[in-house]
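Single-structure report; data block below.
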Amino acid sequence: MSLIVQKYGGTSVGTVERIEAVAEKVKTAHAEGDRMVVVVSAMSGETDRLLGLARKIRKQVDGRELDVLLSTGEQVTIALLAMALEARGVPARSYTGGQVRILTDEAYNKARILEIDGTNVRADLDAGRVVVVAGFQGVDGAGNITTLGRGGSDTTAVAMAAALDADECQIYTDVDGVYTTDPRIVHDARRLDRITYEEMLEMASLGAKVLQIRSVEFASKYKVSLRVLSSFEDGPGTLITSEENIMEAALISGVTLNRDEAKLTILGVPDRPGIASTILGPVAAANIEVDMIVQNVGADGSADFTFTVNRNDFEKAEGILKRIAGELKARAVEGDKKIAKISVVGVGMRSHAGIASRMFKALADENINIQMISTSEIKISVVVDEKYSELGVRTLHTEFGLAG
Ligand code: ASP
Ligand code: MG
């Protein structure tokens with residue numbers, strides 16, 4: 001008998017009708033003999049609604065009471081789902097995070113799971129009950145309610161699967177799997193049957209928003225097989241697993257697009273030790289995350305230093321840079337928000353040379369100028385003018401034979 005953890009996201013439990021549809025799916029799997037833990041999100045829009053209420057009282061809300069508030073969304077859906085299961089003759093029991101004893105650290109609003117005591121859950125499973133668990137929440141050592149950060153129900157599901165040594169963790173959502181690229185941009189984008197944790201992590205951090213990144217990290221660490229499937233149509237979905245479970249890795253698994261970044265350049269700084277830290281130190285101190293970094297030294301011995309930040313941090317970073325420019329007597333500071341980052345991701349890259357040059361040639365053939373380049377073991381990213389975003393993605397998708 002296998003133990004399956006299923007997780008249903010906000011849209012899948014967005015109305016009572018949809019909760020009843022979930023109950024039907026769970027009933028079918030349970031009837032086939034699976035031991036089932038079902039993790040649910042709040043109804044779609046509910047967490048935002050609650051956040052909105054809090055913000056009416058205080059613009060900047062955080063801390064303990066926010067978690068007390070936000071955790072209520074999931075308490076509604078666990079109760080309704082357990083009722084819908086009972087109404088179908090399926091014995092079920094709902095659990096809040098605290099009732100499972102999903103023990104977290106004390107970091108309200110972004111807590112991390114430390115330990116799960118699944119004793120009660122196991123007893124219910126042994127008694128043939130479906131266990132319905134509230135996603136996104138836990139308790140700290142003192143019993144305070146904590147939440148795991150937006151999208152945290154995915155992490156709850158993976159953590160439950162790891163703690164109970166489940167056979168699979170199935171994430172039911174509004175898409176039917178992980179795609180080679182965004183199907184809204186490339187119409188013949190293909191659903192991937194399998195993808196490695198590493199590839200999924202790269203794709204998720206690059207903007208493929210299918211799963212909370214932390215849940216994939218968790219799955220990778222505890223070797224939980226993770227499957228992304230549609231709540232609304234049948235299909236095998238995409239299995240996210242270890243590399244050894246994938247017979248032949250594709251050269252490239254996906255192409256991603258990120259339009260959330262902006263570029264800043266400080267021109268004509270002295271080329272001497274300590275310059276990079278003089279420039280980026282204050283940026284880091286302001287809690288601004290830097291992604292790509294490029295430094296060029298010109299013939300005159302002065303250097304140009306370019307980096308990208310999230311667009312939301314652009315103005316703040318620009319202000320810091322202007323101040324530093326004064327101190328360093330730099331020639332100028334330039335900023336550009338109209339950029340896009342396009343990346344190709346694939347574990348196959350490790351064993352094949354020449355992917356980068358193929359990528360650059362394909363873009364050049366379309367007259368797309370590359371402004372910045374960065375690489376990791378399984379990823380190559382370029383920054384291009386925003387107006388070439390879609391053309392660039394389509395070009396690379398075709399170049400690497402990803403179409404369905
Ligand atoms: N309800 C929470 C959110 O909207 C957690 C989740 O859905 O995963 O972020
Ligand atoms: Mg979600």
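Here, residue 1 is the first one in the sequence, and each next residue gets the next number. First listed ligand is number 1; within each ligand, the first listed atom is number 1.
Contact detail for M203 and V178: the closest heavy-atom pair is CE-CG1, 4.0 Å. Taking both residues in full, the closest heavy atoms of I355 and I252 are given as CG2-CD1, 3.8 Å, listed atom of the first, atom of the second, then distance.
Near S153, the atoms of ligand 1 lying under 4.0 angstrom from a non-hydrogen atom of the residue are 5 (C), 6 (C), 7 (O), 8 (O). Atoms of ligand 1 lying under 4.0 Å from at least one heavy atom of S41, given by number and element, are 6 (C), 7 (O), 8 (O). Shown in contact with R150 at under 4.0 Å from a heavy atom are these atoms of ligand 1, numbered in order with element: 3 (C), 4 (O), 9 (O).
A salt bridge links R88 and E20; the closest N-O separation between the charged side-chain nitrogens and carboxylate oxygens is under 4.0 Å.
The distance criterion of under 3.5 Å between nitrogen or oxygen atoms is met by G151 with respect to ligand 1. In terms of N/O distances under 3.5 Å, ligand 1 is approached by E74.
Using a 4.0 angstrom heavy-atom cutoff, G152 counts as in contact with ligand 1.
Within a 6.0 Å sphere centred on CD of E289, other residues, nucleotides and ligands contribute 12 heavy atoms or fewer.
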- Task: Starting from the C-alpha separation in whole Å, work towards a yes-or-no answer on side-chain contact (heavy atoms from CB on, under 4.5 Å) for L50 and T72.
- Result: CA-CA 9 Å; L50 294 166; T72 61; 3.5 Å; yes

